[in-house]
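Let me begin by presenting the structure, written as structure tokens, before commenting on it.
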There are 2 protein chains.
Amino acid sequence: MPSTATVQTEPPADLEAALVAALRRRGQRVTPQRLAVARLLAERREHVTAEDVYQRVAERLPGVSLPTVYATLDLLEELGLIRRLLTESGAVLYDPELTEHHHLVCAACGEITDIEAPLDDQHLRTAARRQGFTPDRSQVVVSGLCRACRQT
Amino acid sequence: MPSTATVQTEPPADLEAALVAALRRRGQRVTPQRLAVARLLAERREHVTAEDVYQRVAERLPGVSLPTVYATLDLLEELGLIRRLLTESGAVLYDPELTEHHHLVCAACGEITDIEAPLDDQHLRTAARRQGFTPDRSQVVVSGLCRACRQT
DNA sequence: CTGGATGCAAACTCTTTGCATGCAT
DNA sequence: ATGCATGCAAAGAGTTTGCATCCAG
């Protein structure tokens, strides 16, 4: 995923529309399943697992299958409309928030929260180039304790 | 950054000794399997998968089992002697390097390299505290293209 | 001795695949 | 009409668990 991702960021609310546009552009089908997945992600705007998506989409569209949900999530990620995250515990989450942000992970309960703050990664990017690497984007995970776990 | 991890950082070469000390302290057994795993990690000093460890340890200690390798890796991680990493593709790697460092991940081939550069995460940590979180450490993953993949 | 660690095999979870049917275009 | 997307079921990868045996302390 090249430079584009950071440049053409779309408002999350347009995720459904962006998907439809991308599908037409690519000559792929606009199906109820795909729309339902996109809508759900746009509404929730938080990290969800494939299983979450499946459960919730199934409420509105009985009969969707988990493989279809995975396929659609893959598609959305390929289109750069959502982002795939990995927790410390190895679980896969999908994040419909496209604006640059980072994550807090609680070492005790595993909860993941967005963190809104700029990152100064100049030194890292410079060092990366020095090592022959062409940096695209930086993702930070800050681990620690959430408020609830801190008190126990 | 709390305390322990940064303060009592041991040279990787002492990983075996550190394990033995920790085992005795906790009244756990010093077994050939555990020693072999520790020694291998100390020697390689790079990211390895559980399978890697299993294969290589088995060369010296025929009969080790994969579950034992996993158990030992979990133990080492719990003791803070190695670190668990997750790649974008979901694979789990174990990193015997304890000094603070970050990672470069090639978006094309998935290769992971260490990056040696300081991180200015002041803003992130402050923001984390403002959100009620007690930050411990920050881990950065810079994605981009490695030298080889860039040329294709 | 004695309980914790091991090896084996099987279970488990999450994700992907193959194939026949069906629907968007 | 055409063939891509779907649903189902089953396979697959990676990790964990249960249990009898064994060995470090």
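Throughout, a chain's letter reflects where its sequence line sits, starting with A, and its residues are numbered from 1. As the structure is a prediction and not an experimental result, all values here were calculated from the model.
With sequence neighbours excluded, the residues satisfying ring pair (Phe, Tyr, Trp, His ring centres under 6.0 Å) with A:His101 are A:His103. Residues passing the salt bridge (Lys or Arg N to Asp or Glu O under 4.0 Å) test with A:Asp74, sequence neighbours excluded: A:Arg84.
Distance A:Glu77 CD to C:dT15 P: 12 Å, rounded to the nearest Å. Atom-to-atom, CZ of A:Arg84 to C1' of C:dT16 comes out at 11 Å; the value is rounded to the nearest Å. Whole-Å rounding puts the B:Tyr70 OH to D:dT17 P distance at 13 Å. In this structure, A:Asp74 atom CG and C:dC14 atom C1' are separated by 13 Å, rounded to whole Å. Rounded to whole angstrom, the span from the OH atom of B:Tyr54 across to the C1' atom of C:dG7 amounts to 10 Å. Rounded to whole Å, the distance from CG on A:Leu73 to P on C:dT16 is 10 Å. If you measure from atom CD of A:Glu78 to atom P of C:dT16, you get 13 Å, rounded to the nearest angstrom. We find that CG of A:Leu75 is positioned 13 Å from P of C:dT16, with the value rounded to whole Å.
Within the hydrophobic cluster formed by Ile, Leu, Val, Met, Phe, Trp and Tyr side chains joined at under 4.5 Å, directly or through other members, B:Leu145 stands alone, with no partner residue. In the hydrophobic clustering (ILVMFWY side chains linked at under 4.5 Å, chained through shared members), B:Val105 is joined by B:Leu85, B:Leu93, B:Ile112, B:Val141.
A:Asp52 and A:His47 are not linked by any side-chain donor-acceptor pair at a separation below 3.5 angstrom, with hydrogens and angles left out of the test.
Phosphate proximity of C:dG7 to B:Thr68: present, with a side-chain N or O under 4.0 Å from OP1 or OP2.
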Name the atoms and distances for all side-chain donor-acceptor pairs under 3.5 Å in residues 66-73 of chain A, with sequence neighbours left out.
{"residue": "A:Thr68", "atom": "OG1", "partner": "A:Ser65", "partner atom": "OG", "Å": "2.9"}
{"residue": "A:Thr72", "atom": "OG1", "partner": "A:Thr68", "partner atom": "O", "Å": "2.9"}

**Asked** Which nucleotides of nucleotides 17-25 of chain C have their base under 4.0 Å from a protein heavy atom (B), which only their sugar-phosphate (S), and which neither (-), written as one string 5' to 3'?
**Response** B----BBBS
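Residue A:Gly27 is out of contact with every strand shown, counting any heavy-atom pair closer than 4.0 Å.
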